[in-house]
Amino acid sequence: MKDLSTIISKFNIQGTVDTVAPLGAGLINDTYKVTTREADTPDYVLQRINHAVFQNVDMLQSNISAVTRHIRQKLVEAGETDVDRKVLTFVDTAEGKGYWFDGENYWRVSVFIPRATTFESVTPLYSRFAGQAFGNFQAMLADLPETLGETIPDFHNMEFRLRQLREAVAANAAGRVEEVRYFIDEIERRADEMCKAERLHREGKLPKRVCHCDTKVNNMMFDEDGKVLCVIDLDTVMPSYIFSDYGDFLRTGANTGDEDDRDLSRVSFDMEIFRAFTQGYLEGAKSFLIPIEIENLPYAAALFPYMQCVRFLADYINGDTYYKIQYPEHNLVRTKAQFKLLQSVEEHTPAMREYIDGLIG
Ligand code: GN1
Ligand code: MG
């Protein structure tokens, strides 16, 4: 890998690079914070794009620039102040491109948003803000003029994810299938129900809309006062069911434990977070949601722990080729934690329905 300062020098940044240090905890790309020496120049975020995962970098960057341009325009039209902290700004290379290829890796640079924080878990109040923010994000993109490409084809297609798991099981590349038989069976038992979104879509009942598709709680920047500034990690913004954004936030934000908790007694679904987030989300998104989307929000809350369980398990069976891991059985630990979360979501489904019915009247 090339020296990071050399890579940064390919971009039109202001100021002199002072430090470059790893940033965040993403499982796919490598991210660094670049500080500059001068007081009046911004700091930056440098990312190495995981090219094995995002195979069409041109499509990726053109999606992102369409989305950020559109959001910026909406913010300006709405008379927002502090626009530069409410939408990401990407920096071009000297040749005017949105990324730089060093012969081996693809890199991009965005402006670091000052005085903002990310969280790994949130209070009910912050979840409500997060719900509004993701609802607004979808609402702002509802009239995006460009048609976005699928940066990862079939990314949140449950039928596809199950197919991948079944292929992994059939190949048994790492010899791990026997050890995880229990989880495979539990997954198969729910497979039909969990593919409901794909069926509804084929029947013409469920639309795709522009979604974020990685609404983990830590993909949101909060201001010092707890207000959401903006949504980051825009690689997966693409057409999907609104379930993606609603469900993936709850998978992370409403989990009382960690995504990869070894202590399963810590993992459960927090109904208080669910209520606050749902309330905020419906405030932000009610202008465009149709009844079938609202009715299926409890399904979405189950779908994402389920899908993540399938994805982590498939990766474990394949011998850990997709997600970054910190120790050999990490993907199995993640699978177990997501399965425990799914069970907790299932227990709370009737209460979720009741709450949503009450909200929409
Ligand atoms: C990945 O890169 P990161 O950590 O934000 C993954 C998501 C998963 C998530 C699980 C492109 O997101 O889909 O939900 O890990 N992104 C991709 O933590 O696969
Ligand atoms: Mg992320």
Side-chain angles (χ1 to χ4, degrees), residues 22-32 45-57 59-61 63-64 67 88 106 108 110 118-121 130 134 137 148-158 160-162 164-165 168 194 211-221 230-241 243-255 257-261 267 300-316 318 320-326 330-342 345:
L23 179 69
L27 301 187
I28 305 293
N29 297 320
D30 295 333
T31 309
Y32 304 87
V45 175
L46 169 70
Q47 272 193 318
R48 185 174 72 94
I49 300 168
N50 184 327
H51 182 41
V53 170
F54 297 104
Q55 301 195 350
N56 188 340
V57 178
M59 179 201 277
L60 179 71
Q61 288 308 109
N63 273 5
I64 292 180
V67 164
L88 292 178
Y106 291 84
R108 68 176 166 219
S110 59
T118 57
F119 297 101
E120 293 302 321
S121 64
F134 283 125
F137 182 84
L148 299 184
E150 280 196 43
T151 50
I152 301 177
D154 292 317
F155 188 47
H156 280 171
N157 176 341
M158 197 58 244
F160 170 72
R161 294 300 180 185
L162 280 164
Q164 284 186 316
L165 174 66
M194 288 295 140
C211 295
H212 182 277
C213 294
D214 191 12
T215 50
K216 298 209 293 200
V217 52
N218 62 12
N219 278 335
M220 185 164 266
M221 307 285 280
C230 72
V231 173
I232 57 171
D233 213 347
L234 303 175
D235 297 323
T236 52
V237 175
M238 63 178 122
S240 187
Y241 314 120
F243 305 156
S244 292
D245 292 358
Y246 178 82
D248 219 25
F249 179 87
L250 289 175
R251 181 182 73 78
T252 52
N255 184 351
D258 297 326
E259 179 179 76
D260 57 352
D261 222 309
V267 176
L303 177 60
F304 280 82
Y306 178 79
M307 189 184 300
Q308 207 56 62
C309 187
V310 168
R311 293 177 65 193
F312 285 145
L313 183 60
D315 199 33
Y316 182 69
N318 285 333
D320 312 309
T321 57
Y322 188 86
Y323 292 108
K324 290 182 195 170
I325 54 166
Q326 267 132 36
H330 203 162
N331 274 317
L332 181 58
V333 168
R334 289 167 172 155
T335 302
K336 290 180 179 170
Q338 293 298 299
F339 183 66
K340 174 71 198 298
L341 180 65
L342 171 65
V345 170

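Both ligands and their constituent atoms are indexed starting at 1 by order of listing.
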Any N/O pair Glu259/ligand 1 closer than 3.5 Å: yes
With a cut-off of 4.0 Å, which atoms of ligand 1 are near a heavy atom of Arg251? 10 (C), 14 (O), 18 (O)
If I compare all heavy atoms of Asp245 with all of Cys213, which pair ends up nearest, and what's the gap? OD1-N, 2.8 Å
With the side chain counted from C-beta on, respond yes when Val57 and Arg108 share a heavy-atom pair under 4.5 Å apart, and no when they do not. no
Between Ile152 and ligand 1, find which residue part has any heavy-atom pair under 4.0 Å and reply side chain, backbone, both or neither. side chain
Which ligand 1 atoms does Tyr323 reach within 4.0 Å, using its non-hydrogen atoms? 15 (O)
Any N or O of Gln308 closer than 3.5 Å to N or O of ligand 1: yes
So is Arg334 touching ligand 1 or not, going by heavy atoms under 4.0 Å? no
Nearest-0.5 Å distance, OG1 of residue Thr151 to CG of residue Leu234: 10.5 Å
Close-contact set for ligand 1 against Asp233 heavy atoms, below 4.0 Å: 5 (O)
For a side chain to side chain contact (heavy atoms under 4.5 Å, CB included) check, start with the C-alpha distance between Val237 and Ile64, then their side-chain angles and the critical distance, and finish with the verdict. CA-CA 8 Å; Val237 175; Ile64 292 180; over 6 Å; no
Considering all heavy atoms, the nearest Ile49-Gln61 contact: CD1-OE1, 4.1 Å
Taking only heavy atoms of Asp214, which atoms of ligand 1 are found under 4.0 Å from at least one of them? 3 (P), 5 (O), 7 (C), 12 (O)
Under 4.0 Å, heavy atoms only, figure out whether ligand 1 is touched by the backbone of Asp235, its side chain, both or neither. neither
So, is Cys213 polar-close to ligand 1, with some N/O to N/O distance under 3.5 Å? no
Numbered in order shown, the ligand 1 atoms found under 4.0 Å of a heavy atom of Tyr322 are 11 (C), 17 (C), 19 (O)
If you count the non-hydrogen atoms of other residues, nucleotides and ligands that lie under 6.0 Å from NZ in Lys340, is the total more than 12? yes
Verify side chain to side chain contact (heavy atoms under 4.5 Å, CB included) between Asn50 and Lys324, making sure each step is shown before the conclusion. CA-CA 11 Å; Asn50 184 327; Lys324 290 182 195 170; over 6 Å; no
Is there a heavy atom of Phe54 sitting under 4.0 angstrom from any atom of ligand 1? yes
The residue among Phe304, Tyr241, Phe243, Tyr306 that forms ring-ring contact (aromatic ring centres under 6.0 Å, His included) with His156 is Phe304
Side chain to side chain contact (heavy atoms under 4.5 Å, CB included) for Thr321 and Asp315? Distances and angles first, verdict last. CA-CA 6 Å; Thr321 57; Asp315 199 33; 3.5 Å; yes
Give the atom numbers and elements of ligand 1 that come within less than 4.0 Å of a heavy atom of Gly26. 4 (O)
